[in-house]
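Presented below is the structure to which this report refers.
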Amino acid sequence: MSTMQPLPDGEMSSDGGGAPSGGNPDSDSSDVGGAASGGTGNQARVGISLGDLDEDQLAAFVELLAAATGTWEFQFGGHHLAVANTYTDGVLAGATPSFRGLEPCGEFEYEGETIDVMAVKAEAFRALFAGPEDDQLASAELADTYVASSGSIEFTEQNDYIRVDGPSVWIELSLQSGIVLEGNHPHTVWRHRNTDYGGTQS
């Protein structure tokens, strides 16, 4: 399902405040749930199902979005995808909450090239545990930022998990077992405490 949802000025979307994984980085927030986590809201919403549009209607819809003013949100979701991009006067104001999953996970061939979508992300987390370089520490804003994990840091086994939790950022990577396909696959969540839903929660 895909929807464009205008947000009242100064208000947070009441049907999408929870992390797509079901968690909530701000425990004092009562606005938990949403399209990605199964919650419901009580605000009147305007929705357009993109799957019901033909090619000409879709092109007209894209033109409408390009000319839109005010604050509005584009939500798009599926089993392994949740996008919630908020725009203000045509400018991206927030790209979170964001959820990505990938199954099957691993290498595949495309036009003669070997691609492994998650390899660079897993390597970044492994490097994080190896310890940042001095120049990285000097340029990073790490005050009150914590990294926690469970399982192995190779990120190959079921339930391997890592979380980065800071004053503004909340990132999770969790390996889940396959339901239909064999092997483990990643679920990733990205939240931003200040710009979730374009900052309309404040």
Side-chain angles (χ1 to χ4, degrees), residues 5 7 10-41 71 73-88 91-103 105 117-132 136-137 139-176 184-202:
Q5 300 183 344
L7 300 176
E11 291 188 23
M12 181 179 180
S13 166
S14 67
D15 65 349
S21 62
N24 184 3
D26 291 319
S27 59
D28 59 346
S29 171
S30 61
D31 203 8
V32 180
S37 60
T40 59
T71 299
E73 182 171 287
F74 177 82
Q75 291 186 348
F76 183 90
H79 178 69
H80 273 142
L81 177 67
V83 175
N85 286 0
T86 305
Y87 297 84
T88 298
V91 177
L92 182 66
T96 59
S98 175
F99 169 77
R100 303 289 188 278
L102 180 66
E103 186 181 18
C105 182
V117 176
M118 290 301 297
V120 66
K121 300 180 187 303
E123 183 57 36
F125 279 116
R126 284 192 288 268
L128 180 63
F129 272 95
Q136 294 173 316
L137 282 172
S139 62
E141 296 180 10
L142 297 176
D144 299 319
T145 298
Y146 301 90
V147 178
S149 72
S150 65
S152 78
I153 61 171
E154 293 302 314
F155 306 112
T156 57
E157 302 301 321
Q158 181 181 349
N159 297 326
D160 283 355
Y161 173 86
I162 186 169
R163 179 175 71 233
V164 179
D165 182 5
S168 61
V169 70
W170 176 283
I171 300 172
E172 293 177 305
L173 170 64
S174 175
L175 283 186
Q176 305 292 315
N184 301 314
H185 67 281
H187 287 184
T188 61
V189 172
W190 171 33
R191 299 291 303 268
H192 196 292
R193 301 180 198 274
N194 301 326
T195 61
D196 264 6
Y197 303 100
T200 56
Q201 58 189 333
S202 60

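These numbers come from a predicted model, not from an experiment. Numbers here are sequence positions counted from 1.
Checked against side chain to side chain donor-acceptor pair (under 3.5 Å), Glu154 has no partners two or more places apart in sequence or in another chain.
Rounding to the nearest 0.5 angstrom, the gap separating the CD atom in Glu172 from the CH2 atom in Trp190 is 14.5 Å. Taking CG of Asn184 as the reference point, atom CD of Glu103 lies at 9.5 Å (rounded to 0.5 Å). Distance check: Asn159 CG to Ser174 OG gives 6.5 Å after rounding to the nearest 0.5 Å. Going from atom OG1 of Thr188 over to atom CD1 of Ile162 covers 12.5 Å, rounded to the nearest 0.5 Å. Note that CZ of Arg163 and CZ of Phe125 are 11.5 Å apart. Values are rounded to the nearest 0.5 Å. Taking NE2 from His187 and SG from Cys105, the interatomic distance works out to 10.5 Å, rounded to the nearest 0.5 Å.
Nearest heavy-atom pair across Leu92 and Asn85 is CD1-CB, 3.8 Å. Phe99 and His79 get closest at one heavy-atom pair: CE2-O, 3.8 Å. Taking both residues in full, the closest heavy atoms of Thr145 and Pro167 are given as OG1-CD, 3.5 Å, listed atom of the first, atom of the second, then distance. Of all the heavy atoms in Leu173 and Pro186, the pair that sits closest is CD1-CB, 3.7 Å. The shortest heavy-atom contact between Val83 and Leu81 is CG2-CD1, 3.8 Å.
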**OP:** Please step through side chain to side chain contact (heavy atoms under 4.5 Å, CB included) for the pair Glu73 and Thr86, ending with a clear verdict.
**Re:** CA-CA 4 Å; Glu73 182 171 287; Thr86 305; 3.1 Å; yes
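With Arg193 contributing its side chain and Gly166 its backbone, the two residues share a donor-acceptor pair below 3.5 Å.
Electrostatic pairing of Asp165 and Arg191 does not count as a salt bridge here, judged by no charged N lying under 4.0 Å from a carboxylate O.
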